[in-house]
Amino acid sequence: MQQNKEQRKKRWQYIMTRFMILALTILFFFFLYRFKDLCNGVRRVLSILGPFIYGGVMAYLLRIPCNFFEKHLKKWLPERRQKVATGFAILISMFMVLMIFYLLVRLVAPQLVISISSIVAALPGAVSNASQWLQTKLEKDPVMKNYIQTAMDVVYPKFMEWSQSDLLPMLQNMAGGFASTVSSVLGVFMNLLIGVVVCIYTLGARKKFAKQGKAVLYSIFKPKWADYILDEVKFADKMFVGFFGGKILDSAIIGIICYVCCLIFRFPNAMLISVIVGVTNIIPYFGPWIGAIPSVILILIVDPMKCIWFILFIAILQGFDGNILGPKLLGDSTGLSSFWVLFAITVFSGLLGFSGFLIGVPLFAVIYDLIHKLVVLGLKRHNKLDILENPEADSSGSDSEAEESKKAKNSEGESPNEAEDSETAETESQPDIERESSKAEASTEE
């Protein structure tokens, strides 16, 4: 009877295993053939949850100053007023953010408007100067003039044909889609307003949400695995906060240094160039060069000679940031090598777009740490943890060292058997020496 039950149980397990394999195969091919519809559905869900995503991101960024203000307010307020500390901390944090944005707009915006207007005013003159320079060069070189004239005769009809067939319909579509663009901008603005409200509620209930999440986690997983997941969440939080906090401070300092130096060296459009350099510096690895290209073009329009000096200045500034300022502020915050930083930016920028430039490095650092922990667990299970501790001292290395020692003894004139006999003799003589020493000690004590 017991044997029949075990056979039925094995048969049932066999059927369920085959069923799960078949179901997963069908699900995989369903996702494969409906991948486009699945992506559209995910985008639809993300657009619906947009206000909560914005609010969650803002609450995550404001969590640190809110905790700081709440901690100090609880020290100052009496015990019967402790409950209002959270509300006051949220109000102070929101007011601080609004003041920072106001100061940025108040100080930076007028300078940006002046720089952009000066560029627009100088652009026609720059174009005319470039055309005159080209004409003078062509008059001295008739061969080059014939080449350019032939190229223009070929390019101009193609350009006119392209403008009639492709450019004009594209402009018409852009004009027709202007209303949809305005509506999308208004939608983002409304999502931001609702996100501010969500941010306030999230900051007020952040401790309650943390307890609820911890309770759900321990209700689903075993305590050991729940502890592992909590440790990984804490590591991810430390990674993102440390990386973005240090990177924002680093970019702000670089923008200020760039503005001061542009004023000293009298580079044109100092405020606009400093804003571009500071904002793009947040992007790891590629950010300095992304900001340098439009800045060089802006200076080239106004003064081509100063463009060369600006390129030299940017190279020195980025060298200072990469070798001195960045390591001081960030340290080894991610623990990734330059290869993995480049890999993370390339992969996540291709998957997530511009947001992949920003979050790619800390996100890959979390994934890298998780894989490292899984590898360590596997090595512990197979008793091979010494591979990570000392990868050069493996078994093959020890065998080769033993063989080399034997060869050295053979070269000195000893045979392998003699060497073994000498080793055994030494091991056998050690107990006799110990016995004699113990007898001597006993006789001295007597």
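Salt bridge annotation for R63-D237: present, with a cationic side-chain nitrogen under 4.0 angstrom from a carboxylate oxygen. With respect to the salt-bridge test (charged N to carboxylate O, under 4.0 angstrom), the residues D37 and R34 qualify. Using a cut-off of 4.0 Å between Lys/Arg side-chain N and Asp/Glu carboxylate O, K207 and E70 are scored as salt-bridged.
Inter-residue side-chain proximity for Y218 and D227 is flagged as met; some heavy-atom pair is nearer than 4.5 Å. Side-chain contact between F244 and I359 is present, with at least one heavy-atom pair separated by less than 4.5 Å. Between I90 and F69 there is no side-chain heavy-atom pair separated by less than 4.5 Å. Side-chain contact between V241 and Y60: present, with at least one pair of heavy atoms (C-beta onward) separated by less than 4.5 Å. Side-chain contact between L62 and C199 is present, with heavy atoms from C-beta onward closer than 4.5 Å. At a threshold of 4.5 Å between non-hydrogen side-chain atoms, the residues M58 and V97 do not count as touching.
F310 and F267 have perpendicular rings, their planes meeting at more than 60° on a 0 to 90° scale where under 30° would count as parallel. Under the 30°/60° scheme for interplanar angles, the aromatic rings of F29 and Y33 are found to lie parallel.
Under the ring-ring contact (aromatic ring centres under 6.0 Å, His included) criterion, F209 pairs with no residue, sequence neighbours left out.
Ring centers of H372 and Y368: at least 6.0 Å apart, outside the cut-off.
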Hey, mind stepping through S251 and V279 against side chain to side chain contact (heavy atoms under 4.5 Å, CB included) and telling me if it holds? CA-CA 7 Å; S251 300; V279 171; over 6 Å; no
Starting from the C-alpha separation in whole Å, work towards a yes-or-no answer on side chain to side chain contact (heavy atoms under 4.5 Å, CB included) for I314 and V296. CA-CA 10 Å; I314 284 293; V296 168; 6.0 Å; no
CA sep, side-chain torsions, deciding dist, call: L377, Y228, side chain to side chain contact (heavy atoms under 4.5 Å, CB included): CA-CA 12 Å; L377 287 175; Y228 281 140; 4.3 Å; yes
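When each of F243, F240, F343 is paired with F364, the ring-ring contact (aromatic ring centres under 6.0 Å, His included) condition holds for F343 and for no other.
Pairing each heavy atom of A89 with each of C66, the nearest pair is CB-O, 3.6 Å. The two residues L263 and A270 make their nearest non-hydrogen contact at CD2-CB, 4.1 Å.
At least one donor-acceptor pair closer than 3.5 Å links the side chain of K306 to the backbone N or O of R266. Under the 3.5 Å distance criterion, the side-chain polar atoms of N281 are left unmatched by any main-chain donor or acceptor of V277. The closest donor-acceptor contact from the side chain of R206 to the backbone of L203 lies under 3.5 Å.
Within 6.0 Å of NZ on K373 lie more than 12 heavy atoms contributed by other residues, nucleotides or ligands.
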